[in-house]
Amino acid sequence: MHTMTTIAETTPTLMPWTDSLNTGDARMDETHQEFVDMINTILATPEDEQLPVYKEFLNHTVEHFAQEERWMLATGFSADNCHAEHHATILETMRVVEAHYLDTDKQIITRMAEALAEWFPGHANSMDAGLAAHLKSVGFDSVTETLADPSAIKNVTMSGCGSVSCS
Ligand SMILES: [Fe+2]
Ligand SMILES: [Fe+2]
């Protein structure tokens with residue numbers, strides 16, 4: 001049936017949440033599940049109605065990245081570390097996308113959501129998982145945002161990515 005084919009062709013491919021996305025920090029993983037849910041909401045929304053959901057997603061991502069950067073600063077990373085730089089690049093691109101969408105390119109939000117769905121597993125498994133392991137190693141509780149023993153990070157200052165590889 002022609003109608004069936006049309007439906008199959010327009011059904012978006014959603015991004016599954018899988019165990020391999022877990023970083024080992026429950027609060028970080030909760031934020032990441034929201035991130036994935038919002039990508040899926042965008043992909044399931046008709047392109048001419050995506051702007052409000054995209055804006056909500058952008059605000060959520062600002063908070064998501066700020067949360068990780070706050071934890072980095074609290075545990076010895078310097079402000080200009082490369083994980084934070086990666087976040088800044090993503091946010092800059094996301095803001096440009098909003099401008100292009102308003103400026104007639106109605107497919108760009110879908111393309112950005114698809115690109116972020118591809119980008120995210122690599123980021124979660126490297127920089128975010130590395131941060132989660134670091135938080136655990138210095139005894140940082142991400143729920144209360146406190147260190148069990150502040151002296152544990154007294155001599156730790158990471159200007160790069162610490163133990164996290166940065167490509
Ligand atoms: Fe993250
Ligand atoms: Fe991150």
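Just follow the structure's listing: the first ligand is 1, and inside any ligand the first atom is 1. The model shown is predicted, which means the values in this text are computed figures rather than measured ones.
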- Item | Residue and atom, protein N/O/S, under 2.8 Å of the Fe ion (ligand 1) | H32 NE2, H64 NE2, E68 OE2, D128 OD2

- Any side-chain donor paired with an acceptor under 3.5 Å for T23 and D25? no

- Where does the angle between the aromatic ring planes of F65 and H87 fall among parallel (under 30°), tilted (30 to 60°) and perpendicular (over 60°)? parallel

- Please determine if R27 and E68 form a salt bridge, counting it only when a charged side-chain N lies under 4.0 Å from a carboxylate O. no

Output a table of donor-acceptor pairs, distance under 3.5 Å, between side-chain atoms of residues 43-58 and any protein atom two or more places apart or on a different chain; print 'none' if there are none.
| from | atom 1 | to | atom 2 | distance (Å) |
| --- | --- | --- | --- | --- |
| T45 | OG1 | T41 | O | 2.6 |
| E47 | OE2 | T110 | OG1 | 3.0 |
| Q50 | NE2 | I42 | O | 3.1 |
| Q50 | NE2 | T45 | O | 3.3 |
| Q50 | NE2 | T110 | OG1 | 3.0 |
| Y54 | OH | M94 | O | 2.8 |

- Looking just at side-chain N and O atoms, do H32 and N22 make a donor-acceptor pair shorter than 3.5 Å? no

- the Fe ion (ligand 2) reached by H87 (N, O or S, under 2.8 Å): yes

- Examine the side chains of H64 and H60 and answer whether a donor and an acceptor come within less than 3.5 Å of each other. no

